[in-house]
Amino acid sequence: MKRTMYEKIWDSHLVVKAPGQAPLLYVDRHLMHEVTSPQAFEGLRLANRKVRNPHSILATIDHCVPTKNRDLPIADPIAKKQIETMADNCQENGLNLYDMKNPNNGVIHIVVPEHGFVHPGMVVVCGDSHTATHGAFGALAFGIGTSEVEHVMASQTLPQQKSKTMLVQIDGELSKYASAKDIALAITGKIGTAGGTGHVIEYAGDAITALSMEGRMTLCNMAIEAGARAGLVAPDQKTFDYLKGREFAPSGENWDKALAYWKSLPTDDGAEYDTIVTLNAADIEPQVTWGTSPEQVTGVTSSIPSPDDFNDTIKSEACANALKYMGLKAHTKITDIPVDLIFIGSCTNGRIEDFRIAAEVAKGTKVADNVIAIAVPGSYHVKKQAEDEGLDKIFIDAGWEWREPGCSMCLAMNGDELTVGQRSASTSNRNFEGRQGKGGRTHLVSPAMAAAAASAGHFVDIRTL
Amino acid sequence: MEPYNKHESVAALMTRSNVDTDQIIPKQFLKKVERSGFGIHLFHDWRFNEDGSENTDFELNKPAFKNAKILVVGDNFGCGSSREHAPWAIADYGFNTIISTSYADIFYNNCFKNSILPIISTKEQLASLMNEISTNEGVQFIVDLENQELSSPAGNGFKFEVDSFRKENLLKGLDDIGLTFQHLDKIDQYEEKHKQTYPWLWA
């Protein structure tokens, strides 16, 4: 029987399918951060249960950490307690934690690939919806709730229902400065935020194989924005080259065994998917969201739609509500929208390639008057690499702030946030109401587009610079 | 977990679709290390004015919807982050049933871990229920999970589908981990085989 990559991983991780119960799936790797784990540890303690496989867990502290003045005590007492609780829980259970002072610290979905902790064919979970990132390696990686975090710690398994499969086929060549982020936004625009519900997406086609590993991570990261819990890209030579030599990657004889297994993972020719979506890479312009849902997105040469443009009454009403919240008028050209704050960072776009492209655009420019621009590396390793390449200097010379790593303004839990009415060009993943601060207005874009907006003070078509 | 029993309760109405978890429980309330006490923050940014007073324009602040246990809401409810704080807030506020055409996958799973029944309706069924509530605010529906049946005074009820395993757990208030532990021998056997097949994962 011909199988998709998802089906192969599912079959090899099925522990038991008892009658009348959900299938139990084995979990290879469990990632953790401070926000969604404390109640799970508490649950374990109350039930007098132990962490079954401590070596399967890698933990970091990222959501609540300040991105400046890291030497000072954490000002927010509730955040401080959450961070201390994480440290206590990891110590008590013998877990590997990259805490705030650790040179490996950073955003969980940046740190994990850096250390080669996830490999093709694994089942990977984390109490975080952007766990989908690791599908870039051909691992089945998905977000779970805190009760499930406790379940995995106790049993190394999860009761799961099998998902449907969706192939997103993207052929052709991307135009210069169109990126993985633009592909991800274009897909969400096409199928909607519920388009992938109940599915695992597999991305395939020339435009996908042409992406770097970092680009594939950006793409898979946002599978959840299209409603799919997981996204997958077939492992290939780029995947193997990326992993080789990293701390938790197999070595010696194990490398050869692992490689043989990894090469068996891609979808069999002729295997069938439940749903197929196709896009032409050449048609994908740099994208800008205009509303309060990632599906409210358009190309940079377009204008903001009017509620009358939608036949569907729900979409029409959502458009009207979004324009009201965003303080925008229908038919305004995207390039006429002014911005107040630029944020480059997050698990979507906080990797070295993101800062390289942004620095290329920012080089020799100045941040526009009344605009604040902040660059937040995804990890200390990204920060160091960027500094070794002199990128920090380019940003600082252009008037940007060069910060310490963390989730920062992606979800604004750490004090970095928009004020009421402030408008951002952000490389993060969600433009929900209030996500970056109550009353804040978020436009999602790629790092190149964000950097171009910083000096112009409004969105510009990066291809015209 | 509390067992889910048949009940007759007020149904509150929110017609909005794509309600995301950042709206259900805004991020400023995610720093707590406890599971309880999130209900007062449910829909915080919509529910309260700047000065902390109740926003009277917000649907759930209508007097007729006080004490509602059923939330009838637009498509794709609970999209966005995996935060279980969302169902914790919903349950702590007093809801134990949600009715919509669709839910985000992670949110849907999380509901069942917290004695919340997320009922999936068709578009037509949802429209009829919404219409019934808006013309008769404070109307009570009967939810019978055992028979997988929703009833309304105007006859807009329907039979709904729910996975049999999840249904049993809800009805009995069973803890998933306890059930999984019945299969510990199978997990041990799987893990032994796993160590041999994928030795690099255990190196």
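Sequence lines set the chain letters: A, B, ... in the order given, protein chains first and strands last, and positions in each chain run from 1.
In this structure, the portion of A/H55 lying under 4.5 Å from any heavy atom of chain B is its side chain and not its backbone. For A/I144, the part sitting under 4.5 Å from any heavy atom of chain B is the backbone (N, CA, C, O) and nothing else. Using a 4.5 Å cut-off between heavy atoms, A/A154 contacts chain B through both its backbone and its side chain. Only the side chain of A/V16 comes within contact range of chain B, judged by heavy atoms closer than 4.5 Å. There is no contact between B/N169 and chain A, counting heavy-atom distances below 4.5 Å. At a 4.5 Å heavy-atom cutoff, the contact between B/Y190 and chain A is made by side-chain atoms alone. Using a 4.5 Å cut-off between heavy atoms, A/T146 contacts chain B through both its backbone and its side chain. With a threshold of 4.5 angstrom between heavy atoms, A/D76 approaches chain B through side-chain atoms but not through N, CA, C or O. Contact of A/L14 with chain B is made through the backbone alone, with heavy-atom distances under 4.5 Å. Contacts of B/F181 with chain A are made by side-chain atoms alone, with heavy-atom separations under 4.5 Å and no backbone atom involved. If you measure heavy-atom distances from B/D185 to chain A, you find no contacts under 4.5 Å at all. Looking at B/E168, neither its backbone nor its side chain comes within 4.5 Å of chain A, counting heavy atoms on both sides. For chain B, the nearby parts of A/S12 are the backbone and the side chain; heavy atoms of each come within less than 4.5 Å. Neither the backbone nor the side chain of B/Q28 comes within contact range of chain A; no heavy atoms are under 4.5 Å apart. Looking at A/M122, only its side chain comes within 4.5 Å of chain B, counting heavy atoms on both sides. A/A249 does not touch chain B: none of its heavy atoms, backbone or side chain, sits under 4.5 Å away. Contacts between A/F432 and chain B at a heavy-atom distance below 4.5 Å involve backbone atoms as well as side-chain atoms.
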Open item on the list: Please evaluate residues A/E150 and B/K113 with respect to the criterion salt bridge (charged side-chain N to carboxylate O under 4.0 Å, His left out), reporting the C-alpha separation (whole Å), side-chain torsions for both, the decisive distance (0.1 Å), and the verdict.
Closed with: CA-CA 11 Å; A/E150 182 182 337; B/K113 318 286 184 191; over 6 Å; no
Open item on the list: Go through it in stages, so that I can follow the logic: the residues are B/D45 and A/R435, the test is salt bridge (charged side-chain N to carboxylate O under 4.0 Å, His left out), and I'd like the CA-CA distance, side-chain angles, deciding distance and then a yes or no.
Closed with: CA-CA 11 Å; B/D45 290 1; A/R435 170 87 176 179; over 6 Å; no
Open item on the list: Pair A/H63, B/L30 - check side-chain contact (heavy atoms from CB on, under 4.5 Å), show working.
Closed with: CA-CA 10 Å; A/H63 281 58; B/L30 305 185; over 6 Å; no
- [ ] Begin from the C-alpha positions of A/H199 and B/D105 and carry the test side-chain contact (heavy atoms from CB on, under 4.5 Å) through to its verdict.
- [x] CA-CA 9 Å; A/H199 290 79; B/D105 290 338; over 6 Å; no
- [ ] Would you check, one step at a time, whether the test side-chain contact (heavy atoms from CB on, under 4.5 Å) holds for A/Q21 with B/H183?
- [x] CA-CA 11 Å; A/Q21 295 190 14; B/H183 301 297; 3.0 Å; yes
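Not counting sequence neighbours, the partners of B/K123 by the side-chain hydrogen bond (donor to acceptor under 3.5 Å, both in side chains) test are B/D75. Shown here are the salt bridge (Lys or Arg N to Asp or Glu O under 4.0 Å) partners of B/K69, two or more places apart in sequence or in another chain: there are none.
Closest heavy-atom contact between B/G80 and A/I224: O-CG1, 4.1 Å. Of all non-hydrogen atoms in A/G127 and B/S82, the two that sit nearest each other are C-OG, 3.4 Å.
Using a 4.5 Å heavy-atom cut-off against chain A, the contacting residues of residues 50-59 of chain B are B/E50.
Between the side chain of A/K81 and the backbone N or O of B/K31 there is no donor-acceptor pair closer than 3.5 Å. Distance alone, capped at 3.5 Å, places no donor-acceptor pair between the A/K257 side chain and the B/T197 backbone. Between the side chain of B/E84 and the main chain of A/T36, no donor-acceptor pair closer than 3.5 Å is present. The main-chain N or O of B/I187 is never found under 3.5 Å from a side-chain atom of A/Q156 such that the two would form a donor-acceptor pair.
Atom CG in B/N109 sits 8.5 Å away from atom CD in A/Q161 (nearest 0.5 Å). The CZ atom of B/R83 sits 6.5 Å away from atom CG of A/L411, with the distance rounded to the nearest 0.5 Å. The distance from the OG atom of A/S293 to the CG atom of B/D20 is 8.0 Å, given to the nearest 0.5 Å. To the nearest 0.5 Å, atoms OG1 (A/T197) and CZ (B/F107) are separated by 13.0 Å. Residue A/F248 holds its CZ atom at 13.0 Å from CG of B/L201, rounded to the nearest 0.5 Å. Here the CG-OG distance, from B/D176 to A/S155, works out to 9.5 Å after rounding to the nearest 0.5 Å.
Between B/K27 and A/D416, none of the side-chain N atoms (NZ, or NE/NH1/NH2) sits under 4.0 Å from a carboxylate O, so this pair counts as no salt bridge. In this structure, B/D22 does not pair ionically with A/R430, as no charged nitrogen and carboxylate oxygen lie closer than 4.0 Å. Classification of A/E42 and B/K32 as a salt-bridged pair fails, no side-chain N sitting under 4.0 Å from a carboxylate O.
A 4.5 Å side-chain heavy-atom check between A/S129 and B/I106 finds at least one atom pair inside the cut-off. At least one side-chain heavy atom of A/S147 sits less than 4.5 Å from a side-chain heavy atom of B/R35. Considering only heavy atoms from C-beta on, B/Q189 stays 4.5 Å or farther from A/V15 through its side chain. Taking the side chain as every heavy atom from C-beta outward, A/N321 and B/R16 never approach each other to under 4.5 Å. Under the 4.5 Å side-chain criterion, counting only non-hydrogen atoms from C-beta, B/N110 is in contact with A/E148. Put simply, the side chain of B/W200 does not reach to within 4.5 Å of the side chain of A/W255, judged on heavy atoms.
Within 6.0 Å of the CD atom in B/E161, the count of heavy atoms belonging to other residues, nucleotides or ligands does not exceed 12. Atom NZ of A/K50 is surrounded by 12 or fewer heavy atoms from other residues, nucleotides or ligands within 6.0 Å.
In the model, B/N76 has a side-chain atom that pairs as donor or acceptor with a side-chain atom of A/T193 under 3.5 Å. A donor and an acceptor atom, one from each side chain of B/W88 and A/Q39, are nowhere located under 3.5 Å apart.
Note on A/E417, A/R49, A/E34: by heavy-atom pairs under 4.5 Å with chain B, the leading option is A/R49. Interface remark: of the candidates A/L158, A/V420, A/I83, A/D128, A/D128 forms the most heavy-atom pairs closer than 4.5 Å to chain B. Heavy-atom pairs under 4.5 Å with chain A were tallied for B/P199, B/G74, B/S102; the largest tally goes to B/P199. The greatest number of non-hydrogen atom pairs below 4.5 Å with chain B, out of A/A194, A/G143, A/A258, A/P38, is found for A/A258.
Sorted by first and then second residue, the side chain to side chain donor-acceptor pair (under 3.5 Å) pairs involving residues 22-32 of chain A (not counting sequence neighbours) are A/H13-A/D28, A/Y26-A/N53, A/Y26-B/E191, A/D28-B/H194.
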